[in-house]
Novice: 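Before we start, here is the structure in question, set down as structure tokens.
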Amino acid sequence: QVQLVESGGGLVQAGGSLRLSCAASGGTFSSYAMGWFRQAPGKEREFVAAISWSGSSTYYADSVKGRFTISRDKAKNTVYLQMNSLKPEDTAVYYCAAKYFGGSYYEVRNMDYWGKGTLVTVSS
């Protein structure tokens, strides 16, 4: 099995920045596409950002384009989410997820492994 551990969540004021990290273990990191998803209170989990197996392609939800950046460090088996210009509506539990070769990696139902999440709270 693949284990994912998120870190970096916390409280930040609107307009501020935060960087989330996701450390992966238990598998061949380069064989997995990685993604970030989030879930706000009372809402369904939604896609935020994803990066391909090679790390050469990235994808973002329209709501975060231009503000968030996903990246991966293969040497550290870690994926990051740099969040800038944060808004109160970004408040949610952020989850790291992994998808093995062969399939989309931006849909909640398709992801193979999940971390336990880290809470991000943006105050106004």
Novice: Working note: Y100 + Y113, criterion side chain to side chain contact (heavy atoms under 4.5 Å, CB included); need CA distance, chi angles, decisive distance, verdict.
Specialist: CA-CA 9 Å; Y100 193 68; Y113 304 99; 5.7 Å; no

Novice: Do R38 and E46 come close enough that some side-chain heavy atom pair is under 4.5 Å?
Specialist: yes

Novice: State, with a plain yes or no, whether a side-chain heavy atom of F68 is found less than 4.5 Å away from one of Q82.
Specialist: no

Novice: Which atoms form the tightest heavy-atom contact between Y59 and S57, and what is the distance?
Specialist: OH-CB, 3.8 Å

Novice: Set out, in order, the CA-CA distance, both residues' side-chain angles and the distance that settles salt bridge (charged side-chain N to carboxylate O under 4.0 Å, His left out) for D90 and K87, then state yes or no.
Specialist: CA-CA 5 Å; D90 292 320; K87 305 174 181 179; over 6 Å; no

Novice: Checking S56 side chain against S54 main chain: does a donor-acceptor pair fall under 3.5 Å?
Specialist: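 Absent.
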
Novice: Considering all heavy atoms of both residues, which atom of T78 and which atom of S21 are nearest to each other, and what is their separation?
Specialist: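 Nearest pair, atom of T78 first, then S21: CG2-CB, 4.3 Å.
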
Novice: Judged by atom type as modelled, is there a donor-acceptor pair below 3.5 Å linking the side chain of R72 to the main-chain atoms of G55?
Specialist: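 Looks like no, no N/O pair under 3.5 Å.
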
Novice: State whether the number of non-hydrogen atoms from other residues, nucleotides or ligands found under 6.0 Å of Y60 atom OH is greater than 12.
Specialist: yes

Novice: Would one find more than 12 heavy atoms of other residues, nucleotides or ligands at under 6.0 Å from atom CD of Q13?
Specialist: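 No - once you tally the heavy atoms of other residues, nucleotides and ligands closer than 6.0 Å, there are 12 at most.
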
Novice: So which atom in L81 and which in A49 form the shortest heavy-atom distance, rounded to 0.1 Å?
Specialist: CD1-CB, 4.1 Å

Novice: Considering all heavy atoms of both residues, which atom of Y105 and which atom of A33 are nearest to each other, and what is their separation?
Specialist: CG-CB, 3.4 Å

Novice: Heavy-atom distance under 4.5 Å between the side chains of Y95 and R45, does that happen here?
Specialist: yes

Novice: Any luck finding a side-chain donor-acceptor pair between S17 and N84 under 3.5 Å?
Specialist: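 There is such a pair (donor and acceptor under 3.5 Å, judged by atom type) between the side chains of S17 and N84.
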
Novice: Give the table of side-chain donor-acceptor pairs shorter than 3.5 Å for residues 116-124, with sequence neighbours excluded, one pair per line with atom names and distance.
Specialist:
from: T118; atom 1: OG1; to: G9; atom 2: N; distance (Å): 3.2

Novice: Within the distance-only criterion (no hydrogens, no angle test), does the side chain of E107 pair as donor or acceptor with the backbone N or O of M111 below 3.5 angstrom?
Specialist: no

Novice: Backbone N or O of V93 within a donor-acceptor pair of the Q39 side chain at under 3.5 Å?
Specialist: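 No; zero donor-acceptor contacts below 3.5 Å.
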
Novice: With the side chain counted from C-beta on, respond yes when C22 and M34 share a heavy-atom pair under 4.5 Å apart, and no when they do not.
Specialist: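 The answer is yes; the side chains approach within 4.5 Å.
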
Novice: Give the intermediate values and the outcome of side chain to side chain contact (heavy atoms under 4.5 Å, CB included) for residues S52 and T58.
Specialist: CA-CA 6 Å; S52 65; T58 57; over 6 Å; no

Novice: If we only count heavy atoms from C-beta on, is the M83 to V12 side-chain gap below 4.5 Å?
Specialist: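 Counting from C-beta outward, M83 and V12 never come under 4.5 Å.
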
Novice: Roughly how far, to the nearest 0.5 Å, is OG of S25 from CD of Q3?
Specialist: 4.5 Å

Novice: Hey, are the side chains of W114 and L4 touching, using non-hydrogen atoms and a 4.5 Å cut-off?
Specialist: no

Novice: Evaluate the ring-ring contact (aromatic ring centres under 6.0 Å, His included) criterion for residues W53 and F101: first the C-alpha distance (whole Å), next the side-chain angles of each, then the deciding distance (0.1 Å), finally the verdict.
Specialist: CA-CA 8 Å; W53 302 272; F101 281 130; 5.3 Å; yes

Novice: Hey, does L20 have a side-chain heavy atom less than 4.5 Å from the side chain of Y80?
Specialist: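 No, every pair of side-chain atoms sits at 4.5 Å or beyond.
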
Novice: Can you confirm whether Y106 is buried at OH, in the sense that more than 12 heavy atoms of other residues, nucleotides or ligands lie under 6.0 Å from that atom?
Specialist: no

Novice: Can the ring centres of F37 and F47 be said to be less than 6.0 Å apart?
Specialist: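 For F37 and F47, the ring centres are under 6.0 Å apart.
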
Novice: Determine whether V79 and S71 make a side-chain contact, defined as any pair of heavy atoms from C-beta on separated by less than 4.5 Å.
Specialist: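 Not touching, per the 4.5 Å side-chain cut-off.
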
